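This report refers to the structure that appears directly beneath it.
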2 protein chains.
Amino acid sequence: MQIISTGNKEITIYDIARKLNISPATVSRGLNDHPAVNKETKKKIFSMAKEMGYRSNTFASNLRRQRTNTIGVIVPRLNSNFMSSVIAGMEKVANQAGYNLIISQSLETAKKEATNAQTMFNSRVDGLLVSLAYDTDNIDHFKDFLKKGIPVIFFDRVFNHKQCTGIVIDNIKAAQEVTAHLIGQGCRRIVHITGNLKRNVYADRLKGYKYALTDHNLALDPNLILETNLSVEAGVEAAEKILQMNPLPDGVFAANDACAVSCLQTLKQAGIAIPQDIAFAGFNNDPVSKVVEPNLTTVDYPGSEMGEVAAQNLINHLNGTANINNTNTIILRSELIIRESSLRHPEHI
Amino acid sequence: MQIISTGNKEITIYDIARKLNISPATVSRGLNDHPAVNKETKKKIFSMAKEMGYRSNTFASNLRRQRTNTIGVIVPRLNSNFMSSVIAGMEKVANQAGYNLIISQSLETAKKEATNAQTMFNSRVDGLLVSLAYDTDNIDHFKDFLKKGIPVIFFDRVFNHKQCTGIVIDNIKAAQEVTAHLIGQGCRRIVHITGNLKRNVYADRLKGYKYALTDHNLALDPNLILETNLSVEAGVEAAEKILQMNPLPDGVFAANDACAVSCLQTLKQAGIAIPQDIAFAGFNNDPVSKVVEPNLTTVDYPGSEMGEVAAQNLINHLNGTANINNTNTIILRSELIIRESSLRHPEHI
DNA sequence: CCTTAAATTGCAATCGATTGCATAAAATTT
DNA sequence: AAATTTTATGCAATCGATTGCAATTTAAGG
């Protein structure tokens with residue numbers, strides 16, 4: 001009969017080796033499923049490890065291997081349905097592959113993004129997954145990574161750089177569809193509320209908006225394009241500007257839902273009928289889009305999948321299974337979701 | 001003139017020691033601001049470290065020190081304003097103290113919570129910050145931590161355990177205030193939509209509801225208490241049940257905003273006037289509470305502060321500055337926010 | 001039965017920082 | 001000036017896993 005101590009001492013491969021009368025080297029190789037270890041020996045090692053409650057010491061391993069099995073994630077904010085799905089997707093893939101995630105928020109500022117990047121660099125993450133802050137206008141703060149060959153993958157809010165892969169949806173096409181839909185509902189003067197045009201997502205959505213106008217032979221009126229920070233407050237301000245317009249526009253397409261909703265509500269309070277006077281569309285399929293009255297037409301895109309793809313590509317690269325340097329951009333599907341805020345002719349759905 | 005290599009080799013304390021002609025031991029102590037190192041020597045060490053682009057190797061340090069400077073965080077979901085504020089607060093404190101955060105979502109299931117806890121255990125986090133999943137009914141999955149003396153601090157959704165500190169708001173009092181407010185608005189038959197009563201937050205809010213009834217000499221009608229999972233769908237179902245009630249209730253107090261909002265909207269669609277027929281209140285001050293019409297009365301509570309307090313207490317404990325085993329519960333303030341959904345007599349605010 | 005190849009296992013150095021103990025140097029006290 | 005403190009620094013072991021190379025054992029081939 002064997003008594004296994006439940007004391008505080010951690011079990012190491014040396015302990016296992018001693019019990020089994022073999023060398024620590026073999027134990028190490030056995031636990032890592034090295035081909036040069038006899039199958040029987042492996043079995044013994046595994047069962048003894050289990051019996052003794054062994055857990056690998058990541059630090060010793062990291063120190064020796066010179067890698068951390070840790071992935072850094074920097075996002076603008078966590079407080080959206082989209083972002084939490086992204087993280088969930090990353091977590092799923094990372095956990096399966098034995099990686100940990102270190103997550104931080106830039107709170108939409110380039111400065112904190114840089115600080116966070118530095119922290120992650122010092123923590124020696126094996127790779128970085130980044131969605132850029134609102135006002136980031138260069139990626140110098142990732143130079144340290146690139147110089148060292150540490151992979152940086154952008155998702156959603158990407159930066160075009162030959163050394164960095166980006167994972168996105170086709171924002172141009174999605175915005176083009178939204179705008180075309182509004183036009184199909186009879187809109188002719190459509191306001192577009194956009195964000196910082198440094199960010200691909202907003203620049204592309206603006207492009208899509210313009211292309212759709214062109215497609216339908218509508219003239220582009222620069223006064224109808226409002227560049228804002230897309231906050232709730234910005235939506236209110238946009239509404240005030242819209243109310244000053246003469247003639248009033250007959251459609252609004254905002255680059256995110258939060259802003260669309262506050263704008264919509266402000267206009268509604270001012271007596272504008274939605275969608276009869278002004279039809280509305282947003283972007284992101286945020287939960288509020290289903291609460292506002294009328295419910296908001298929007299674009300849904302796959303957060304969880306985006307997270308999974310980003311993490312999987314990074315991990316494959318780290319494991320040498322695939323090389324992301326060959327991949328510049330990965331595009332995921334998105335979907336237009338039509339709701340009452342844009343439906344002037346319900347029979348035409 | 002000195003040429004500093006920008007090559008790929010990491011600088012170690014040995015490199016610094018060699019350049020300065022002192023021992024690595026002194027460099028190590030110098031970098032850690034050890035009192036036994038001469039001030040001048042320290043200066044030299046720091047400036048040389050900077051010049052050479054030294055960054056400490058956490059793994060070597062962790063391996064030797066037997067701690068990770070990493071804190072594990074397990075939350076039900078990240079996708080709420082509240083939770084992302086909590087995380088931001090934790091991050092702020094942790095970064096300042098040189099700790100990293102490993103964050104994971106239980107997605108409201110006890111099973112994933114247990115898996116995550118195991119992963120964190122294997123990653124040897126120095127401590128754990130946890131807000132419990134919806135259906136967790138014991139904390140056996142944290143036993144490993146407690147056995148080893150690794151501190152576990154709960155926040156918001158806590159578990160009463162002598163070895164674990166909890167950080168909460170006074171849910172009883174807050175719910176009591178909400179209910180009293182509804183009563184003050186003339187409500188006499190108030191439905192309370194609650195969640196899993198295993199969770200302190202919901203059990204306490206129910207208590208507060210009951211106490212307020214008692215305070216105002218109102219009888220408790222068990223039929224008015226609906227135990228749900230507080231999801232959006234649950235709100236719709238609750239509304240359907242409410243519509244079956246005879247007589248109709250004249251108030252609804254839901255234990256979270258998401259559920260309150262969907263219930264409110266469903267009732268509204270059924271022709272019920274809010275707040276005239278039924279006054280409404282929720283909990284959490286989620287952004288949707290400001291979007292729904294009428295705006296929802298709710299309880300605001302300080303996410304960022306809760307995160308900061310949780311992290312600070314954990315870190316103080318780890319650093320030996322304070323011992324959380326002496327502290328059982330920390331209570332933060334919360335605030336009733338009155339909006340139109342419960343205001344029958346606007347002049348009485 | 002001997003030689004060669006293949007399959008296993010072990011030796012020992014290594015990753016980089018930390019720290020108890022010893023030592024050396026400087027300051028202070030008798 | 002000698003003895004005692006105080007202040008700084010170094011030595012060397014340690015944390016636990018990994019891995020190139022060597023050694024041993026076993027299997028295969030002649």
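In what follows, every chain begins at residue 1, and chains take the letters A, B, ... in the order their sequences are listed. Just so you know, these numbers come straight off a predicted model, no measurement behind them.
Applying the side-chain contact (heavy atoms from CB on, under 4.5 Å) test between B:Ile103 and each of B:Leu78, B:Ile74, B:Ile71 identifies B:Leu78 as the sole match. Evaluated for a side-chain hydrogen bond (donor to acceptor under 3.5 Å, both in side chains) with B:Tyr99, the options B:Asn319, B:Thr70, B:Asp126, B:Asn69 yield exactly one hit, B:Asn319.
Proximity of B:Gln66 to the phosphate of C:dT18: no side-chain N or O atom is located under 4.0 Å from OP1 or OP2. In terms of phosphate contacts, A:Ser23 brings no side-chain nitrogen or oxygen within less than 4.0 Å of OP1 or OP2 of C:dT9. The side chain of A:Asn32 contributes an N or O atom lying less than 4.0 Å from OP1 or OP2 of D:dT18. Distances shown here put a side-chain N or O of B:Tyr54 below 4.0 Å from the OP1 or OP2 atom of C:dA17. Under 4.0 angstrom from either OP1 or OP2 of D:dG16 there lies no side-chain N or O belonging to A:Thr12.
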Salt bridge (charged side-chain N to carboxylate O under 4.0 Å, His left out) assessment of B:Lys19 paired with B:Glu51: CA-CA 11 Å; B:Lys19 286 254 188 195; B:Glu51 189 183 332; over 6 Å; no
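A straight line from CG of A:Asn38 to P of C:dA7 spans 12 Å, rounded to a whole angstrom. In this structure, CG of B:Asn57 is placed 6 Å from P of C:dG16, rounded to the nearest angstrom. In this entry the distance linking CD1 of A:Ile22 with P of D:dT24 reads 18 Å, nearest Å. B:Arg67 has its CZ atom 16 Å from the P atom of D:dG16, to the nearest Å. Atom-to-atom, CG of A:Leu63 to C1' of D:dT19 comes out at 14 Å; the value is rounded to the nearest Å. Distance, B:Lys44 NZ to D:dT9 C1': 12 Å, rounded to whole Å. The CD1 atom of A:Ile13 sits 13 Å away from the C1' atom of C:dG10 (whole-angstrom rounding).
Along DNA chain D, the nucleotide nearest to A:Thr58 and the one nearest to B:Tyr14 differ in position, and the one closer to the 5' end is contacted by B:Tyr14. Judged by closest nucleotide on DNA chain D, B:Val27 is the one of B:Ala60 and B:Val27 placed further toward the 5' end.
A:Phe59 comes within 4.0 angstrom of nothing in the nucleic acid, heavy atoms only. As judged by a 4.0 angstrom heavy-atom cut-off over every strand, B:Ser28 is placed among the base-contacting residues. Within 4.0 Å (heavy atoms only), A:Asn62 reaches no atom of the nucleic acid at all. Using a 4.0 Å heavy-atom criterion, one finds that A:Thr41 contacts the sugar-phosphate atoms exclusively. At the heavy-atom level, B:Leu31 lies nowhere under 4.0 Å from the strands shown.
Below the 3.5 angstrom threshold, one finds no donor paired with an acceptor across the side chain of B:Arg65 and the base of C:dT18. With hydrogens and angles ignored, a donor-acceptor pair under 3.5 angstrom links the side chain of B:Arg29 to the base of D:dG10.
Annotation: side chain of A:Phe121 is in contact with side chain of A:Lys148 (closest heavy-atom distance under 4.5 Å). Contact annotation: the side chain of A:Leu31 approaches that of A:Phe46 to within less than 4.5 Å [non-hydrogen atoms, C-beta and beyond].
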